Colleague: 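Let me give you the structure first, and then I'll get to my questions.
Throughout, a chain's letter reflects where its sequence line sits, starting with A, and its residues are numbered from 1. Note that this is a predicted model, so its numbers are computed, not measured.
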Protein chains: 2
Amino acid sequence: MYSIGDLSRRTGVKIPTIRYYEQMGLIAAPERSEGNQRRYEKSELERLAFIRHARDLGLSIDSIRDLLALSQHPERPCGEADRIASEHLATVREKIARLKKLEQELERIVACDGNHTVGDCYVIRALADHSMCENEH
Amino acid sequence: MYSIGDLSRRTGVKIPTIRYYEQMGLIAAPERSEGNQRRYEKSELERLAFIRHARDLGLSIDSIRDLLALSQHPERPCGEADRIASEHLATVREKIARLKKLEQELERIVACDGNHTVGDCYVIRALADHSMCENEH
DNA sequence: TCTATTGCTCCAGAAGCTATAGGTTTGAGG
DNA sequence: CCTCAAACCTATAGCTTCTGGAGCAATAGA
C-alpha cells in the first residue's frame, strides 16, 4: 500500500494533481486509512504512470479517460485507440506548422538590432502595421 | 467615434475580448455615450490592431502591455522591445523543439495499424510502458 | 511521548478568453 | 413620434489543467 506521497514520488505527479485526477475520474477514489488518508495499490501506480506518460505526450484528460477505458477491454479491437493517437498526432503537427510561421515572422521582426530608439524600432512598427508581415496569420 | 461593435468588426477582436482587454489595462476605458455605451476614437482602433497582431504572434498580455508602454516613448532606446520579441522567439523555438519530439514519439506509437485488439495494441502498451520510448520526455 | 513530516479539505488563482442571464440603449422604418 | 430588433450594458461563471495556501489532523521515527 502506498500513501499519496509515495505515489507522487514514484510517478513524478504532484500530490494535488493526483487528487485532481481523482476528482476528474481518471483514477478511482482509493481506500482510506483509519485516519482518512488515501492508500493505493500497485495497480493505481501503473495507472497513474500511464496517465503521466499520456499527459507528457500532450493528450487531453478526456482522451486519456477514453484510452484508460479501452485498456480495460483487451479483447476489443483497438481502432479507437489508434484513432485517438493519430488525431493527436495531427494536432501536434498543426501546432508545429503554426509555430514555424510565427517563428519566421518573429525572426523578421527581431532583426531590429536594439541599438536605436523606439520611434524607428522595427519590432514596434511591425506590430503596429500588419501589412509588413509576409504570412497571413 | 466607433461603437464597440464597430471596433470589433474592424479589428477582428470579439466584443467580450475588447471589454476584457479594457479590464486588463491594455486599452483605456473610453468615453461613454449618454446611454453609457462605449465610444472609441480612431487611436484606440490602431492600439487594438497592435494588440491583436501581437496576440496572433503569441505574445502574452503582459508583454503586450510592456510593448504598448514602450511605444508611447518614441525617443527612448528600443533594446527592451527587442528583448521582449527575442525572448518570445526563443520560447516559440523551444515549443517547436518539444513538439517535434512528441511528434516523433507519437509517430512510433501510431505505427499500430488499428486492425487488432487492445490487448496487443502498440498505442496502449507504449503509453503504459515508458521504457518503450526513444526520447526522454 | 514528542515532534517533524505528511496528509486532509476547501478554496482561490493562473491565462485568455467565452458564454450566459437579465436588463438598457440605439437607430431605422413606419 | 413610436416601435421593435439589434446592439449594448454589468456581473458572474465556466473553460483547462493544474498549483498553491490556509488551517487543521494523522502518522512515523527518535
Colleague: On DNA chain C, compare the nucleotides closest to Gly58(B) and Gln37(B); which residue's is nearer the 5' end?
Modeller: Gly58(B)
Colleague: Quick one: Tyr20(B) OH to dA13(D) C1', roughly how many Å, whole number?
Modeller: 15 Å
Colleague: Any base atoms under 4.0 Å from Arg9(B), or only sugar-phosphate, or nothing? Heavy atoms, all strands.
Modeller: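 Since no nucleic acid heavy atom lies under 4.0 Å of Arg9(B), the category is nothing.
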Colleague: For a 4.5 angstrom cut-off between non-hydrogen side-chain atoms, does Val13(A) reach Leu7(A)?
Modeller: no
Colleague: Does a nitrogen or oxygen in the side chain of Arg32(B) sit under 4.0 Å from OP1 or OP2 of dT25(C)?
Modeller: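 So the side chain of Arg32(B) is outside the cut-off, no N or O lying under 4.0 Å from OP1 or OP2 of dT25(C).
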Colleague: Tell me the interatomic distance from Glu22(A), atom CD, to dC8(C), atom P, rounded to whole angstroms.
Modeller: 9 Å
Colleague: If hydrophobic clusters are built by linking Ile, Leu, Val, Met, Phe, Trp and Tyr wherever their side-chain heavy atoms come under 4.5 Å apart, do Leu70(B) and Met24(B) end up in the same one?
Modeller: yes
Colleague: So, is Arg19(A) near the phosphate of dC11(C), with a side-chain N or O under 4.0 Å from OP1 or OP2?
Modeller: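 No, because none of the side-chain N or O atoms of Arg19(A) sits under 4.0 Å from OP1 or OP2 of dC11(C).
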Colleague: Examine dA7(D): is either OP1 or OP2 under 4.0 Å from a nitrogen or oxygen in the side chain of Arg39(B)? Give yes or no.
Modeller: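 For Arg39(B), the contact criterion (side-chain N or O under 4.0 Å from OP1 or OP2 of dA7(D)) is not met.
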Colleague: Rounded to the nearest Å, what distance is computed from the OH atom of residue Tyr2(A) to the P atom of nucleotide dA28(D)?
Modeller: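 Between P of dA28(D) and OH of Tyr2(A): 16 Å.
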Colleague: Nearest heavy atom decides the nucleotide; on that basis, is Met24(A) or Ser33(A) closer to the 5' end of DNA chain D?
Modeller: Met24(A)
Colleague: What is the separation between atom CE on Met1(A) and atom C1' on dT6(C), rounded to the nearest whole Å?
Modeller: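 From Met1(A) CE to dT6(C) C1': 17 Å.
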Colleague: With a 4.0 Å cut-off on N to O distance, would you call Arg19(A) and Glu22(A) a salt bridge?
Modeller: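 So Arg19(A) does not pair with Glu22(A) through a salt bridge.
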Colleague: Please figure out whether Tyr21(B) or Ser3(A) has its closest DNA chain C nucleotide nearer the 5' end.
Modeller: Ser3(A)
Colleague: For Ile4(A) and dT27(D), what is the distance between atoms CD1 and P respectively, to the nearest whole Å?
Modeller: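 The distance from CD1 of Ile4(A) to P of dT27(D) comes to 15 Å, rounded to the nearest Å.
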Colleague: Go through it in stages, so that I can follow the logic: the residues are Glu80(B) and Arg83(B), the test is salt bridge (Lys or Arg N to Asp or Glu O under 4.0 Å), and I'd like the CA-CA distance, side-chain angles, deciding distance and then a yes or no.
Modeller: CA-CA 5 Å; Glu80(B) 176 68 2; Arg83(B) 193 189 58 73; 2.9 Å; yes
Colleague: Please state how far atom CD1 in Ile15(A) lies from atom P in dT27(D), giving the value in whole angstrom units.
Modeller: 15 Å
Colleague: Tell me which nucleotide among dC18(D), dT19(D), dT18(C) gets nearest to the side chain of Pro16(B).
Modeller: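 Between dC18(D), dT19(D), dT18(C), the one nearest the side chain of Pro16(B) would be dT18(C).
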Colleague: Respond yes when some side-chain nitrogen or oxygen of Arg38(A) is under 4.0 Å from OP1 or OP2 of dC8(C), and no when none is.
Modeller: yes
Colleague: I'd like to know if Glu103(A) and Lys95(B) make a salt bridge, using a cut-off of under 4.0 Å between side-chain N and carboxylate O.
Modeller: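 Between Lys95(B) and Glu103(A) there is no salt bridge, as every charged N stays at least 4.0 Å from the carboxylate O atoms.
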Colleague: Hey, which sits more toward the 5' end of DNA chain D by its nearest nucleotide, Asn36(B) or Gly35(A)?
Modeller: Asn36(B)
